[in-house]
Amino acid sequence: MYAKVIVDVPTGGTDRPFDYYLPEALAENASKGMRVLVPFGQRKLTGFIVDIVSETKLEKVKSVSELLDLTPVLNNELLRLGEWLATETICFQITAFQSMIPAAMRAKAMKKLSLLSKREKLPMNVQALFGQADEVDWAQVPADARLLRDIRNEAEQGHLTMKYALKDQAKHRKVKAVVIQRYETPPATEKQKQALLFMAEQYGEGELVAIQILMKQAAISRSVVNTLIKNDYLQEKEIVIDRNPYTDAEEDGNEEKATLTSDQTDVLAKVKKNITQSQATPMLLHGVTGSGKTEIYLQAIDQLMEAGKEAIVLVPEISLTPQMVERFKKRFGANVAVLHSALSVGERFDEWKKIQEKRVQVAVGARSAVFAPFTNLGLIVIDEEHESSYKQEEYPRYHAREVALWRSRYHDCPVVLGSATPSMESYARAAKGVYELLSLPERVNQKPLPDIELVDMRLEMREGNRSVFSTSLLEKLRDRLKKGEQSVLFLNRRGFSTFVMCRNCGYVGMCPHCEISLTYHQRDGQLKCHYCGHEERLYERCPSCESAHIRYFGTGTQRVEEELQQLLPEARIIRMDNDTTRKKGAHERLLKNFGAGEADILLGTQMIAKGLDFPNITLAGILAADTLLHLPDFRAQERTFQLLTQVSGRAGRDEKAGEVVIQTYNPEHYAIQLAQSHDYLSFFKKELGQRKQAGYPPYYYLTLITFAHPNYATAMKAGEHAGRVLRSNLGEDAIVLGPTPSPIARIKDRYRCQCMVKYKDEPALTELLRELFTYFQKEIQQDQRFITIDRHPNMFM
DNA sequence: AGCACGCCGACT
DNA sequence: GTCGGCGTGCTC
């Protein structure tokens, strides 16, 4: 038998299966979708078996060295999905496969140089390399020509050899556990007796108990256990356990179902119908904030689980706060796997294993959870479907929504796209009848949506208020403090970060390698580039005019916190941003503290915009509503509307009515006006007109091709070539723009230019893009991609 | 991606 | 003459 293997070399020349002989011993256990170790040239590489065949056209083939899995990591469905993904997103097969499995399984073969004979026989320089060790990591061997030649000589004489080991990615977590060894003679002390008795009663003979757990349950200290081990009452062993990242979540799985409103009941019935009838129908669930979308997901999943089916629930990365996860854990207990980026590599592996081994029926997670290896899917939910984090911004540049739709067709199961502010694309599809439209126009608590006040910051400024806070917002914050109610303050930092400017000549600190202003980091007094990491010290005098009037601009959360604390000295403030949530678990802890009423005001960035559900919040404030509005992005209006609506939704979710203050310099802008009146439909119609006029989605599909090169002319020339090819091969309707310099015209000393394709129906485009990709792929410069193709880009940077 | 092969300039 | 620079092309 022969295995067709996709090897782990992401280049154009190797983006196809290679044939390997499967020795009988391996053939028995080998199957499609397993990872293998194969010889490739002079090296050994990992790869995926994509097929097993009985013949090969090749005269001589090498043999598969090793199987790396007992069961396939990619089943037939996922193998096919991977092929589709590579085709659609114009990436290499291996890249697609790797992105579908947890990082812990992306094993790389590691080369080690190993000693075969006495070290004294080796030349001095090679001996020095080994020191006292018998093996050295090949990556540690210096690239010294002389040394490399000597090593090769020694290898030819059989004194040295190359060994290949798989890099251990800390797959399983092991903990110390104990088992009863003897019980007859009672131990010396009372504590020990207690502990042993507890072991015997709770666990009996031969059963392993993790020491941590025993200590907690029997309320004994580690030293008692140690003594028992020392005196042979207990035997110490190691067991493999799942890491449990959500130790705080109550996992009883007994939370009561909520009573549904009649709107909810209707929607649920439609979802259930599509599940039971195995209809691959996409449904768009448009429900206002607080309308109880999650409860519908929960009840629909509850039913399909009883029928033995499985469900995937996707949530945006940043909102993957415990609140959503906790609700699933509370309802379904240990039947849920959680996959997101805040977990360690090992934790993610454990959660993935639970799915693969069919120990759970529900996966809740961010974008990549859409690849959860379920085999009997009954439903895929994408919550907050408009969120941009569902699009992956590196290869493979896929959108989780499109992958979900593919899988739904494969499994004949529905997809539910939920949002209070659906994306233009999705709502347009629903309006056309491509998606089934479901709506929840009212909040479950029957309360109206909160009142929104627009504050014109230009007037504030004219009236002499130079603070970040308007008089009205400050007034309302004081009022909440007095009443003991809570407030959230939202500050959007995007496009508004702290940069340094000279007030005398207008000089702005720029990165010398990228066409972008440097960001000021107060913590270490450094100016940093967010794209290449370049750092420099904050200058005391302007490098251009030598004036001392140089200062940083922009409003960081830290500065806002300081100002707020000065204005309201008695307020207890929790700040949530990248700085304060970097540590593992910090995000959860801060939210928990806020929920427990340990603070009056929650001040934060993007991450507090959604999913936050605390009954005592009665005021939401948006400090600068228009920072998003002026980004060079055709989705700027949509993003602004979505954000304002989401943040507004945080207030008044329970009994007490909520209030919202939006501070803006453009109070007359339609995105802000319509957010104020909670009028999604009018916004959709207005924005749709704009998109039609400008030729953007949902009227046109987009594909962005970016070229990056140290030489500006080379990048432009490539762009011109691509433009010519596209123009001459695409239909009349297609519009090819560019090449033009990218919005960020230089990153890491490489000039960037782009071509944009706008099209409606171009079946040949995918193939054409692949050809361009292959053509330009050869010209890889400095380990960096020369050409980047983004189907359906989110950003044009 | 590596790694070998191969074809040219500068040196023990 | 040899060593070593890096352009080119292949890896089942």
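The structure displayed is predicted, hence computed values, not measured ones.
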Pair A/F786-A/F707, ring pair (Phe, Tyr, Trp, His ring centres under 6.0 Å): steps then yes or no
CA-CA 6 Å; A/F786 179 43; A/F707 295 93; 5.8 Å; yes
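- Candidate nucleotides B/dA4, C/dT11, B/dA1 were compared by shortest atom distance to the side chain of A/Q42, and B/dA4 ranks first.
- The NZ-P distance, from A/K44 to C/dC12, rounds to 12 Å in whole Å.
- Separating the CG atom of A/D8 from the P atom of C/dT11 is a distance of 18 Å, rounded to the nearest angstrom.
- One distance of note links CG of A/L37 with OG1 of A/T46; it measures 7.0 Å at 0.5 Å rounding.
- We find that NZ of A/K4 is positioned 14 Å from P of C/dC12, with the value rounded to whole Å.
- The nucleotide whose nearest atom lies closest to any side-chain atom of A/Y20 is, among B/dC3, B/dA1, C/dC12, C/dC12.
- The ring pair (Phe, Tyr, Trp, His ring centres under 6.0 Å) contacts involving residues 22-67 of chain A comprise A/F18-A/F40, A/F48-A/F97, where partners must be two or more places apart or lie in separate chains.
- Within residues 22-31 of chain A, no residue has a heavy atom under 4.0 Å from DNA chain C.
- As a whole-Å value, the separation of A/R16 CZ from C/dC10 P is 10 Å.
- Here A/E393 pairs with A/R397 under the salt bridge (charged side-chain N to carboxylate O under 4.0 Å, His left out) rule; sequence neighbours left out.
- Heavy atoms of A/V9 sit under 4.0 angstrom from at least one base atom.
- Between A/R359 and A/E357 there is a salt bridge, with a side-chain nitrogen of the basic residue lying less than 4.0 Å from a carboxylate oxygen of the acidic one.
- Atom pair A/L45:CG and B/dA1:C1' shows a separation of 9 Å (rounding to whole Å applied).
- In this structure, A/P17 reaches neither bases nor backbone, as no heavy-atom distance under 4.0 Å exists between it and the strands shown.
- Atom CZ of A/F40 is separated from atom C1' of B/dG2 by 10 Å (rounded to the nearest Å).
- A salt bridge links A/D790 to A/K391: one of the charged nitrogens lies within less than 4.0 Å of a carboxylate oxygen.
- Considering only side-chain atoms of A/T14, the nucleotide from C/dC12, C/dT11, B/dA4 that sits closest is C/dT11.
- Atom-to-atom, CD of A/Q93 to P of C/dC12 comes out at 19 Å; the value is rounded to the nearest Å.
- Between A/Q98 atom CD and B/dA1 atom P the separation is 15 Å, expressed in whole Å.
- Between A/K528 and A/L518 the shortest side-chain heavy-atom distance does not fall below 4.5 Å.
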